[in-house]
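From a predicted model like this one, the values you see are computed outputs, not experimental measurements. Positions are given from 1, in the same order as the sequence printed here.
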Amino acid sequence: MLLAIQSASATSAYVREIPNGNVNRCATCHAKSGPPDLNKFGESFFSANCKWTPALAKEDSDRDGISNGAELGDPEGVWKAGSAPPWTAMKVGLPGDSCSQPKPMG
């Protein structure tokens, strides 16, 4: 039981390290099969020491032609953990799923 609580806490911590991470939660980094399997963005995020950076924002982890930052609403990678989410006028995409792209709200 303690292990399950620690895993949930770790997940919450990672969600807070990604702009708009609370929108798609675990699916932002994990494959459709779920944790612990990572998608391409999850692998990139892990390689970046689990920190959002301008380099990670400019990368296109799922190779769909849209940068990770554009999919998450922070194309320049300037968002900092704890600040207001960027681009709240957009429905964010999944940067690890080439079939998912951001869309205007409405």
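Taking both residues in full, the closest heavy atoms of Ala57 and Pro75 are given as CB-O, 3.9 Å, listed atom of the first, atom of the second, then distance. For the residue pair Ser44 and Leu56, the shortest heavy atom distance occurs at CB-CD1, 3.7 Å.
Note that CD of Glu71 is 12.0 Å distant from CG of Asn20, once rounded to the nearest 0.5 Å. Note: Lys51 NZ to Tyr14 OH = 9.0 Å, rounded to the nearest 0.5 Å. The line from CG of Asn24 to NE2 of His30 is 12.5 Å long, rounded to the nearest 0.5 Å. Atom OG of Ser61 sits about 8.5 Å away from atom CD of Glu43, to the nearest 0.5 Å.
Listed by chain and number, the residues in a salt bridge (Lys or Arg N to Asp or Glu O under 4.0 Å) with Lys32 amount to none (sequence neighbours excluded). Every residue two or more places apart in sequence or in another chain that forms a side-chain contact (heavy atoms from CB on, under 4.5 Å) with Ser98 is listed here: Asp62, Asp64.
Within the 4.5 Å cutoff, side-chain heavy atoms of Cys29 are placed close to those of Ile18.
Note: the hydrophobic cluster containing Leu72 does not contain Leu94 (ILVMFWY, side chain heavy atoms under 4.5 Å, direct or indirect links). The hydrophobic cluster containing Val15 does not contain Leu38, counting ILVMFWY residues as joined when their side-chain heavy atoms lie under 4.5 angstrom apart, directly or transitively.
Between the Asn39 side chain and the Asp97 main chain, no donor and acceptor come within less than 3.5 Å of each other.
In this structure, Trp52 and Phe41 have tilted ring planes: the angle between them lies in the 30° to 60° band.
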Enumerate donor-acceptor pairs with a distance under 3.5 Å from any side-chain N or O in residues 76-83 to protein atoms, sequence neighbours excluded.
| unit_1 | atom_1 | unit_2 | atom_2 | d |
| --- | --- | --- | --- | --- |
| Glu76 | OE1 | Lys58 | NZ | 3.3 |
| Trp79 | NE1 | Ser83 | O | 3.4 |
| Trp79 | NE1 | Ser83 | OG | 3.3 |
| Trp79 | NE1 | Ala84 | O | 3.3 |
| Ser83 | OG | Lys80 | O | 2.6 |

